[in-house]
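Encoded as structure tokens, the structure appears first; notes follow it.
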Amino acid sequence: PPVTPAMYFPPTGSTEWQSTDPATLGWSSAAVNDLYSYLQTKNTKAFMVLKDGKIVLEKYFGTFTADSNWYWASAGKTITGLLVGIAQQEGHLNINDKSSQYLGTGWTSMPLAKENLITVKHQLTMTTGVESNMPNIDCTLPSCLQYRADAGTRWYYHNATYTLLDKVISNATGSSFNNYFQQKIRNPIGMDGTWLQVDYNNVFFSKPRSMARFGLLMLNKGKWNGTAILNDSSYFAAQTNTSQNLNLSYGYLTWLNGKATHMLPTVSAVFSGSIAPNAPADMYAALGKNDQKVYMIPSLRMVVIRMGESADNPN
């Protein structure tokens, strides 16, 4: 049988990144050119494919370059999901603790008994039960966080309760969220980029290759070139597998392919089939508004990233 090549990791503190010629993988150059044309018509700014950690495809469109910064939108949620696992591994928090242990009592305007049902894990899995029918779903003020259902009984893609995980992390670790991220994930794997507050949201911005580095870290289950960024394999497994029985296609702030049903942001309906039927069933993903995408495909040892404007009508 063919020998599986060692996983390659680009060095930190350097722009060096080894590549693989797509032809050596049997990829058609005509098909690659068709793909690039397609990407261009879909408002893409940056697109990369890694195989075994090496760059197979890397393409920039318009005035966008390898040195341009772009927002991850909700694809950044998956970074936060990993960071919570690191904070738990270091003993700063436990995801089964009630969120008020880190946010203080009264972080919502729910009755205390209902607020006390919410754990950090509910924040990670979008199951806090807070009311979604609000003027601003991003608002993190207690007045915006009202009771709809008991924690764990309703799945809804709620930005505010996610954003408050940043405060959970900073309060638990005694470090600013940005500093903790830089120390634990960004610097060890050679990323650039930073979190910026945009209204209520905390949004990550970086260059495309940093997005690819994070994808490679996630493909390798939180390990980077022999170093454990996250050593807790059970947490990583939980992050990248079904986390609750309401939306089978959602882990800890991470989207999962190949499940029987899925739910989507802004709606409470359950749809049959997987989120990306054409893609391998074992794919998991960090997904953000306007088609910011980081796809991890273990069976193909592949990472795909895409930055840009919305590919279609942003409905």
Side-chain angles (χ1 to χ4, degrees), residues 7-18 45-46 48 50 53 55 58 65-93 124 162-198 201-232 235-236 239-240 252-254 284-288 292-296 303-307:
M7 189 66 73
Y8 169 80
F9 294 87
T12 58
S14 157
T15 57
E16 182 197 332
W17 195 321
Q18 289 180 19
K45 291 186 178 293
M48 291 179 67
L50 309 181
I55 296 173
E58 183 176 26
T65 71
D67 288 320
S68 301
N69 283 286
W70 195 249
Y71 62 86
W72 288 37
S74 287
K77 286 184 167 75
T78 306
I79 298 178
T80 306
L82 193 69
L83 203 53
V84 167
I86 294 168
Q88 176 175 262
Q89 173 182 294
E90 294 188 333
H92 297 298
L93 59 81
L124 285 168
Y162 152 72
T163 300
L164 285 166
L165 280 171
D166 301 354
K167 207 168 164 185
V168 168
I169 290 171
S170 58
N171 289 346
T173 62
S175 168
S176 81
F177 178 72
N178 231 338
N179 282 352
Y180 193 69
F181 159 70
Q182 288 170 10
Q183 184 192 346
K184 298 299 171 184
I185 297 177
R186 189 189 82 166
N187 299 347
I189 73 167
M191 290 175 76
D192 58 53
T194 193
W195 294 87
L196 297 172
Q197 189 155 356
V198 181
N201 295 321
N202 212 3
V203 181
F204 192 62
F205 290 78
S206 81
K207 296 173 185 173
R209 281 186 168 197
S210 286
M211 191 182 243
R213 279 179 186 261
F214 180 72
L216 188 56
L217 174 67
M218 289 297 291
L219 181 71
N220 287 282
K221 303 183 177 179
K223 311 284 193 292
W224 186 266
N225 202 14
T227 300
I229 304 300
L230 175 75
N231 207 18
D232 182 347
Y235 182 92
F236 188 88
Q239 180 171 357
T240 52
Y252 294 169
L253 302 170
T254 303
Y284 46 97
L287 303 177
Q292 319 314 320
K293 300 184 185 295
V294 189
Y295 291 139
M296 284 69 59
V303 174
V304 181
I305 71 111
R306 186 265 188 200
M307 289 176 162

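The closest donor-acceptor contact from the side chain of T254 to the backbone of T240 lies at 3.5 Å or more, if one exists at all. Formation of a donor-acceptor pair under 3.5 Å by the Q89 side chain with backbone atoms of D232 is found in this model. Looking only at distances, no side-chain donor or acceptor of R306 sits under 3.5 Å from a matching main-chain atom of K293. A donor-acceptor contact shorter than 3.5 Å is absent between the side chain of R209 and the backbone of A66. With hydrogens and angles disregarded, a donor-acceptor distance shorter than 3.5 Å links the side chain of Q239 to the backbone of T78. Panel note: side chain Y180, backbone I169; no donor-acceptor pair is recorded below 3.5 Å.
Nearest heavy-atom pair across L83 and F177 is CD2-CE1, 3.6 Å. Of all heavy-atom pairs between D166 and N202, the closest is OD2-ND2, 2.9 Å. Closest heavy-atom contact between P188 and T12: O-CG2, 3.5 Å. Shown here for Y235 and Q88, the closest heavy-atom pair between the two residues is CD1-NE2, 3.8 Å. Among all heavy-atom pairs drawn from P208 and S68, the shortest one is CD-O, 3.3 Å. Residues N231 and A228 approach most closely at OD1-CB, 3.5 Å, considering heavy atoms.
When V303, L82, L230, V294 are each tested for a side chain to side chain contact (heavy atoms under 4.5 Å, CB included) with M218, only one passes: L82.
Other residues, nucleotides and ligands contribute over 12 non-hydrogen atoms within 6.0 Å of the NZ atom of K223.
Residues Y71 and V198 are not in side-chain contact: their nearest non-hydrogen atoms beyond the backbone lie 4.5 Å or more apart. Between W17 and L50, some side-chain heavy-atom pair lies under the 4.5 Å cut-off. Using a 4.5 Å heavy-atom threshold, the side chains of D67 and K207 count as touching. Residues Q182 and S175 have side chains not in contact (no heavy-atom distance under 4.5 Å, counting atoms from C-beta outward). Side-chain contact between V168 and V84: absent, with no pair of heavy atoms (C-beta onward) separated by less than 4.5 Å. Counting only heavy atoms from C-beta outward, the side chains of M7 and L219 approach each other to under 4.5 Å. Between K77 and L165, every side-chain heavy-atom pair lies at or beyond the 4.5 Å cut-off.
A cation-pi geometry, defined here as NZ or CZ lying under 6.0 Å from the six-membered ring centre and within 45° of its normal, does not hold between R186 and W195.
Within the model, atoms CG of L216 and CH2 of W224 stand 4.5 Å from one another, a figure rounded to the nearest 0.5 Å. In this structure, the separation between CZ on F181 and OG1 on T173 is 14.0 Å, given to the nearest 0.5 Å. Taken from CG in N187 to CG in D192, the straight-line distance is 10.5 Å, to the nearest 0.5 Å. To the nearest 0.5 Å, the span separating CZ on R213 from CE on M48 amounts to 9.5 Å. Note: Y162 OH to S74 OG = 7.0 Å, rounded to the nearest 0.5 Å. Put simply, CG on N69 and CZ on F204 are 9.0 Å apart, with the number rounded to the nearest 0.5 Å.
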Full working for side chain to side chain contact (heavy atoms under 4.5 Å, CB included) between L124 and L253: CA-CA 6 Å; L124 285 168; L253 302 170; 3.8 Å; yes
